Amino acid sequence: MPELPEVETTRRGLVPHVVGRRIRDVVVRNARLRWPIPRDLRRRLRGEEVLAIRRRGKYLLFDCRHGHLLIHLGMSGRISLVAEGAAPRSHDHFDLQLEGGRTLRLTDPRRFGAVLWLDSPAEDHPLLRGLGLEPFEAEFTARALRERAGGRRVAVKQFLMNSRVVTGIGNIYASEALHEARVHPERSVARITPKRWELVAAAIRGTLERAIAAGGTTLRDFASAEGKPGYFQHEFAVYGREGKPCKRCGARIRASRQGQRSTFFCPRCQR
DNA sequence: CCGGACGCCTGTCGGC
DNA sequence: TGCCGACAGGCGTCCG
């Protein structure tokens, strides 16, 4: 489910209810996620105060005095704030009971998500250390993208989805941003001019910004921490629109596959 | 180093 | 109706 806009929407929904509160207790109903939830997590978290909630790529980091709780939503994960004592439903694997009567609850049918404890500094953890450019940081520029593309021939869509290059862009927003930039997803990064990199960088930021403003994308069951669905799916230019007219030029949107993932693009205005 | 394929899971949908 | 394969918002790991 969640790419950068959905994770950021989740983060923003959590901040007012979680930051500054202490963790009263932790419930692990099923520890078997992408990696096992650490057995000592409850001991580590009880009594800790959540000082801040940060996002790095698609990872959420809950900063505490003695370390950091890391949550990744994988493909199907969702975080909701529920009333303390609310009955768990299926796939509700993890609860963080907060002081003040609310519980942060992780639901994840496919269990590709993760809940881990990181020592400080969190950036030194193997999962975070190798991550690439953050789209809303100043270092994210056309030049930086071009430098990272240097000497490579990979297709631009797969390049943008590589978290060692850029973080936060998944299958939906890669297709959408490339349509906005008018660049064909199969184009090799070796054949993208500096001018085109400018378009790509701007389109990534623009697309992600609009998606965050729309509260993310809800295809099946994504919802913010407060339970509100996203609306960006109504703004899709290409994703899931195979055979429908391009909103810019009217040509039929095409679908293909790249690296076992579906890709959508306009064969006329993306070159 | 790079690029590509695989596997981890459950749920849903389309075709027969 | 039931069954079966394909596919779904991610990503670490392995292999050539």
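These values consider heavy atoms only, across backbone and side chains, with no hydrogens, waters or symmetry-generated copies. Remember, it's a predicted structure, so these values are computed and weren't measured experimentally. Chain letters run A, B, ... following the sequence lines, proteins first, then strands; residues in each count from 1.
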R32(A) vs V154(A), nearer the 5' end of DNA chain B by closest nucleotide: V154(A)

Does L208(A) reach the side chain of F136(A), with side-chain heavy atoms less than 4.5 Å apart? yes

Do we count F112(A) as stacking onto dC11(C) if the rule is ring centres under 5.5 Å and planes under 30°? no

How long is the line joining CZ of R78(A) and P of dT10(B), in whole Å? 17 Å

Nearest-Å distance, CZ (F222(A)) to P (dG10(C))? 13 Å

Can you tell me whether the side chain of R111(A) and the base of dC9(B) have a donor-acceptor pair closer than 3.5 Å? no

In Watson-Crick or G-U wobble terms, both distances under 3.5 Å, what is the partner of dG9(C)? none

T103(A) side chain to Q97(A) main-chain N or O, any donor-acceptor pair under 3.5 Å? no

dC11(C) P sits how many Å from L70(A) CG, rounded? 11 Å

Give the ring-plane orientation class for F232(A) versus Y173(A), where under 30° counts as parallel, over 60° as perpendicular and anything between as tilted. tilted

Any donor-acceptor N/O pair, R56(A) side chain to L60(A) backbone, under 3.5 Å: no

Say you pick atom P in dC9(B) and the same atom in dC3(C); how far apart are they, in whole Å? 24 Å

Can we say R24(A) and E99(A) salt-bridge, meaning some charged N sits less than 4.0 Å from an Asp/Glu carboxylate O? no

Once you round it to whole Å, what is the distance between P of dA8(C) and CD of E3(A)? 13 Å

Does the distance from a Lys or Arg side-chain N to an Asp or Glu carboxylate O, for E8(A) and R11(A), drop under 4.0 Å? yes

Under 4.0 Å between any heavy atoms, over every strand shown, what does F232(A) touch: base, sugar-phosphate, or nothing? Just pick one. nothing

Using a heavy-atom distance cut-off of less than 4.0 Å, which residues of residues 163-170 of chain A contact DNA chain C? G170(A)

Check whether any side-chain N or O of R152(A) sits under 4.0 Å from OP1 or OP2 of dG3(B), and answer yes or no. yes

Taking the side chain of Q260(A) as its heavy atoms from C-beta onward, which of dC8(B), dA5(B), dT10(B) lies nearest to it? dA5(B)

Could you pull out the protein-nucleic contacts involving nucleotides 5-7 of chain C (nitrogen or oxygen on both sides, under 3.5 Å)?
none

What integer distance in Å separates N162(A):CG from dG4(B):P? 11 Å

Nearest-Å distance, CZ (R110(A)) to P (dT12(B))? 12 Å

Give a yes/no on whether any side-chain N or O of Q158(A) is located under 4.0 angstrom from OP1 or OP2 of dG3(B). no

Are R55(A) and E134(A) close enough for a salt bridge, meaning some N to O gap below 4.0 Å? yes

Would one find more than 12 heavy atoms of other residues, nucleotides or ligands at under 6.0 Å from atom CZ of R196(A)? yes

Before accepting this row, confirm whether a basic side-chain N of the pair E235(A)/K247(A) lies closer than 4.0 Å to the acidic partner's carboxylate O. no

Test side-chain hydrogen bond (donor to acceptor under 3.5 Å, both in side chains) applied to H17(A) and R102(A), step by step: CA-CA 8 Å; H17(A) 307 288; R102(A) 298 260 238 172; 3.2 Å; yes

Using a cut-off of less than 4.0 Å, is there contact between a side-chain N or O of H91(A) and OP1 or OP2 of dT10(B)? no

Below the 4.0 Å mark, does dG10(C) have OP1 or OP2 next to a side-chain nitrogen or oxygen of Y59(A)? no

Using the C1' atom on both, measure dG3(B) against dG9(C) and round to a whole Å. 23 Å

Select from R153(A) and R220(A) the residue whose nearest nucleotide in DNA chain B is closer to the 5' end of that strand. R153(A)

Under 4.0 Å between a side-chain N/O of R261(A) and OP1 or OP2 of dG9(C), yes or no? yes

Presence of R34(A) side-chain N/O under 4.0 Å of dG12(C) phosphate oxygens OP1/OP2: no

Roughly, in whole Å, what's the span from CH2 in W35(A) to C1' in dG10(C)? 10 Å

Ionic contact status for R54(A) with D63(A), cut-off 4.0 Å: yes

